[in-house]
Each structure stands twice: as structure tokens, then as C-alpha cells.
Participant: 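Below you'll find the structure I mean.
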2 protein chains.
Amino acid sequence: MKRKRFDKMNCGIAQALEACGDWWSLLIVRDAFFGARRFGEFQRSLGIAKNILSARLAHLVEHGILERIDAGREGERFEYRLTPKGEALLTVLTALREWADEWVFGRGNEPLIVRDRRSRRRIAKLRVTDADGTPLTRSDLRMEAGPGASRETIQRLSSRARTNTA
Amino acid sequence: MKRKRFDKMNCGIAQALEACGDWWSLLIVRDAFFGARRFGEFQRSLGIAKNILSARLAHLVEHGILERIDAGREGERFEYRLTPKGEALLTVLTALREWADEWVFGRGNEPLIVRDRRSRRRIAKLRVTDADGTPLTRSDLRMEAGPGASRETIQRLSSRARTNTA
DNA sequence: TCGTTGGGTTGCATGAAAGAACCGGAGTGC
DNA sequence: GCACTCCGGTTCTTTCATGCAACCCAACGA
């Protein structure tokens, strides 16, 4: 039985995972952020099998996250570069890294520090906030159906409003 | 050949993916954010196979993202609840959703809108910024080894500093 | 008491990942 | 011109993970 895909789900998280939620995919994107461009760079840096890397790169290209560009004249040399859609994953990567820094490594054990190139100061931590910048947590939030909500999404949200108040 | 795991990698993104980067895992966490607690709730909501759900829940509990709590007196009824470590994944889920809202669905087609419960205003979009709040993109950033960096991480960063300036 | 529901486990069929081998074209040395 | 190497893959085999259906037992519920 083929693995279930998320592309029919009416949910942004599912769609994002469909595009780059496969095993290895976000590490490939991370390497692209670090400057990797060539097949061999990704392969050596990650220690991934070549056939898997090949499939993942194709999937990311298909979803518009990477772009495959001819690099050698007339040749069979290619580069994989982040598109704007791919560069927009910076928030996702940053959120993952900051989560692990705090909850896996612990403060003071971060393997990587990200700074603003000019000011040399560390970047600000990502936070979910109100429009005014007040930090919010799970219980402060309220989910509503948006313009693109399917009937199931609407039903799901309204049934939850009745039954659940966590 | 057993699937490669990321738990030995000296990288926050890899560690985060090790904990919740499996297929289905973040959707389970999403459902927990939406209020799901019981095995059957997750199963019906996601349409996931029961054995896989069982394995994923165990993995998330093992990594301290969910907590398994007795729910029936004396009984074999359990609930799965987000721990603080799990609730901290809110930024990750938000980053994924906002990315898909913009790059998959497109503005004006979001299936879900998240508001502050009190002010009823939409939450602010996550952005990677300087300490002052100035938005930053990939080229504004500079990666440095942190206190928890391994020798390989240090080498990797210094070799990149020499060869690459993207 | 008997049926039903919840919360799983087990077994099987099939797809996906790891690793190694192979391959064709471009460049390099001689 | 010819061997040799590197790059960027593809193909093959083995083993693991996923999906599905069947089964199971403890708690409720009537």
C-alpha cells in the first residue's frame, strides 16, 4: 500500500509537510541555506544515499523550493538553488532550531549561533505574538475557518467549539 | 538497512526532526494543539493506521512532547497531552502554516485563521528579525559555532567561510 | 449478562530507504 | 589517442516502514 500523502488535506501544516516533510528533505533545505548547491555537496555533507538524494531533490524542485540550473556550458553539470519559496522556509528552519536549542541541547549548549551579519548581534527569538507584540500561548489562541476552508474544516472547527475548551 | 536517524547530528534542525520529523508526527502534534487527547480522536481525525499511530505516540512520549496520562479509574484508558516541550512547538507549526498560506494556498485562500482570543485580531506573522525587529533574510545572516558545537560543525563552518559567500 | 466501544497488537502485502555496483560524459595526465 | 578520475546520477538487492485487515481484551452501557 502506497504511503499516504497529505496533499489533499485542507490544512497548511499538511501542505507544508507534503512539500518538505519527507525524511531528509528539510536537512537538504538546511544545507542549501548553508550554501550547498551541487549534488555532491549535499551528498557528502549529509551522508545520504544517492538515489534518495536524487528523489528528494526532484521532489523539492517539483514543489518549487529548489531550482535546477545548468552550471556547465552544454554540460551535465547542475546546481540546485533556493527559490524565493524555498528561502521563505527560513522561519521554519529557525523555529526548529530554536526549539531544539531550548528543549534538546539546553540553553548554553547550542551548536550554532545565528547573527545579523552587520550588527553582529544574535537574531531575535521567534515568538507567536498578538498584533501588538504580546507573546501568546496555546490557550490564548482561537482558530477560525478562513476563506479557503473546506466543508470538513468548517465542521471540524465548529464541533470543537462545542466540545472542547482547552 | 535500518533507516538513518538524525539523533547523532550536531544540529538543532536534525534534532528537532529526530523528535517530530517522522511522517505523521507533526500532524499528530497539530491535532493535540487542536484539543485531541484520545487515541481514537487522533485516529479518526487523521485517518492514520492504528499501529502507526501507536508507534508515533510512543515516540512523541519518549521524546517528552506528549505525556500519557491515565484517564479511566483503574483502567486502560489513556490520554495524550502536550507537555511544555510539546507546546513550544507552536512556533514550528505556525511557521509551517504561514509558509503554506503564502506559498501554497496563496493570500486570501487560507483554510485557517488564528486569532488572539481576547482582541480577536489575527496573530502577527512570524519573521526572522534583528534584535531591533528589523526583518532579515538569508543573506543578512551569519552562522557561528556555538558552545555546543562539535569539531565537525566548527570545521564545516570555517571551511564554508573560506569558500562560499552566498 | 451481553453487546459495544476504546485502545490497542499481530500478521501480511507492498512501498521506501540504505548501500553497493554500475554508467556515460567531461576534464586531466601523458 | 588512451587511460584515469570525477561528477552526477541510475539500477539492483536487501531490509525497514507503512497501510490495512483481523483479532483481542478491559471497560462501559443497557
Side-chain angles (χ1 to χ4, degrees), chain A residues 1-9 14 17-28 31-32 35-62 66-81 163-164, chain B residues 1-9 14 17-28 31-32 35-63 66-81 163:
Chain A
M1 318 295 149
K2 192 175 284 185
R3 182 169 73 171
K4 270 194 186 170
R5 281 272 154 191
F6 303 152
D7 50 352
K8 294 288 178 283
M9 293 187 187
L17 293 174
E18 172 61 31
C20 57
D22 289 298
W23 204 240
W24 290 111
S25 285
L26 277 172
L27 292 184
I28 292 169
D31 269 24
R37 291 175 189 171
R38 308 290 287 267
F39 187 95
E41 286 183 88
F42 291 105
Q43 208 247 314
R44 279 186 300 276
S45 155
L46 292 170
I48 182 178
K50 292 162 122 195
N51 54 347
I52 305 300
L53 176 58
S54 190
R56 290 293 179 275
L57 288 171
H59 188 75
L60 290 168
V61 168
E62 207 175 300
L66 296 178
E67 213 176 353
R68 191 192 205 226
I69 301 175
D70 273 38
R73 35 204 114 285
E74 312 284 330
E76 290 280 312
R77 298 281 142 117
F78 300 106
E79 288 187 359
Y80 298 89
R81 304 251 199 144
T163 62
N164 171 41
Chain B
M1 321 293 151
K2 192 175 285 186
R3 181 168 76 171
K4 270 193 186 170
R5 281 274 154 188
F6 302 153
D7 50 352
K8 294 288 177 285
M9 294 187 186
L17 293 174
E18 171 61 30
C20 56
D22 289 298
W23 204 239
W24 291 110
S25 285
L26 278 172
L27 291 185
I28 292 169
D31 269 25
R37 292 176 189 170
R38 306 290 287 265
F39 188 94
E41 286 184 89
F42 291 105
Q43 207 245 316
R44 279 186 300 275
S45 155
L46 292 169
I48 183 179
K50 291 162 118 195
N51 54 346
I52 305 300
L53 176 57
S54 190
R56 291 293 180 274
L57 287 171
H59 189 76
L60 290 168
V61 168
E62 208 174 298
H63 282 267
L66 296 178
E67 212 177 354
R68 191 192 205 224
I69 301 175
D70 272 37
R73 36 201 118 289
E74 312 285 329
E76 290 278 309
R77 300 282 142 119
F78 300 106
E79 288 187 358
Y80 298 89
R81 303 250 198 143
T163 61

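A, B, ... follow the sequence lines: proteins, then strands. Residue 1 opens every chain.
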Participant: Taking for each residue the nucleotide of DNA chain C bearing the nearest heavy atom, is the 5' side occupied by B:E79 or by A:W24?
Facilitator: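 Per heavy-atom nearest nucleotide, the more 5' residue is B:E79.
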
Participant: Is it possible for you to check whether B:R68 lies under 6.0 Å from the centre of the six-membered ring of B:F78, through NZ or CZ, and within 45° of that ring's axis?
Facilitator: yes

Participant: What pairs meet the salt bridge (Lys or Arg N to Asp or Glu O under 4.0 Å) rule with one or both residues in residues 17-26 of chain B, with sequence neighbours excluded?
Facilitator: B:R3-B:D22, B:R5-B:E18, B:R5-B:D22

Participant: Of the candidate nucleotides D:dG9, C:dG7, C:dA16, which contains the atom at the shortest distance from the side chain of A:F39?
Facilitator: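 In terms of side-chain proximity for A:F39, the closest of D:dG9, C:dG7, C:dA16 is D:dG9.
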
Participant: Taking the nucleotide of DNA chain D with the closest heavy atom to each, which residue, A:K2 or A:R44, is nearer the 5' end?
Facilitator: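 Between the two, 5'-proximity favours A:R44.
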
Participant: So, using side chain to side chain donor-acceptor pair (under 3.5 Å) as the criterion, who are the partners of A:D31 when residues are at least two apart?
Facilitator: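 Side chain to side chain donor-acceptor pair (under 3.5 Å) list for A:D31, sorted by chain: A:S45.
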
Participant: Return the value, rounded to whole Å, for the distance between atom NE2 of B:H59 and atom C1' of D:dT18.
Facilitator: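 My rounded result for the distance is 16 Å.
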
Participant: Counting the atoms with a prime plus P, OP1 and OP2 as sugar-phosphate, which does A:R5 contact under 4.0 Å by heavy atoms, base, sugar-phosphate, or nothing?
Facilitator: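 Since no nucleic acid heavy atom lies under 4.0 Å of A:R5, the category is nothing.
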
Participant: Nearest to the B:R3 side chain among C:dG8, D:dG19, D:dA17, which nucleotide is it?
Facilitator: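 Nearest to the side-chain atoms of B:R3, counting from C-beta on, is D:dA17.
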
Participant: Listed by chain and number, what are the side chain to side chain donor-acceptor pair (under 3.5 Å) partners of A:E79, not counting sequence neighbours?
Facilitator: A:R81

Participant: To the nearest Å, how far apart are B:L46 CG and D:dG19 P?
Facilitator: 11 Å

Participant: In residues 48-58 of chain B, what residues come within less than 4.0 Å of DNA chain D, judged by heavy atoms?
Facilitator: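 Listed by number, they are B:A49, B:N51, B:I52, B:R56.
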
Participant: Look at all strands and tell whether B:F42 reaches a base, only sugar-phosphate, or nothing, counting heavy atoms closer than 4.0 Å.
Facilitator: nothing

Participant: A:R38 has an atom CZ; how far is it from atom P of D:dC6, in whole Å?
Facilitator: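 In whole Å, D:dC6 P and A:R38 CZ are 15 Å from each other.
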
Participant: Examine D:dG9: is either OP1 or OP2 under 4.0 Å from a nitrogen or oxygen in the side chain of A:Y80? Give yes or no.
Facilitator: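 For A:Y80, the contact criterion (side-chain N or O under 4.0 Å from OP1 or OP2 of D:dG9) is met.
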
Participant: For A:R68 and D:dG8, give me the distance from atom CZ to atom P, rounded to whole Å.
Facilitator: 10 Å

Participant: What is the distance from CZ of B:F78 to P of D:dA26, rounded to the nearest Å?
Facilitator: 13 Å

Participant: Regarding A:W23, tell me which of base, sugar-phosphate or nothing describes its non-hydrogen contacts under 4.0 Å with the strands shown.
Facilitator: nothing

Participant: How many whole angstroms separate atom CG of A:D22 from atom C1' of D:dA17?
Facilitator: 13 Å

Participant: Indicate yes or no for a side-chain donor-acceptor contact from B:K50 to the backbone of B:G40 under 3.5 Å, with no hydrogens or angles considered.
Facilitator: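 Side chain of B:K50 to backbone of B:G40, a donor-acceptor pair under 3.5 Å: no, none is there.
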
Participant: For B:Q43 and C:dT5, give me the distance from atom CD to atom P, rounded to whole Å.
Facilitator: 14 Å

Participant: Between C:dG15 and A:K4, is there an OP1 or OP2 to side-chain N/O distance shorter than 4.0 Å?
Facilitator: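 The answer is no; no side-chain N or O of A:K4 sits under 4.0 Å from OP1 or OP2.
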
Participant: Give a yes or no answer on whether the side chain of B:Q43 reaches the backbone of B:I48 with a donor-acceptor pair at less than 3.5 Å.
Facilitator: yes

Participant: Taking only residues two or more places apart in sequence, or in another chain, which ones meet B:F6 in a ring pair (Phe, Tyr, Trp, His ring centres under 6.0 Å)?
Facilitator: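 By the ring pair (Phe, Tyr, Trp, His ring centres under 6.0 Å) rule, B:F6 matches A:W23, A:W24.
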
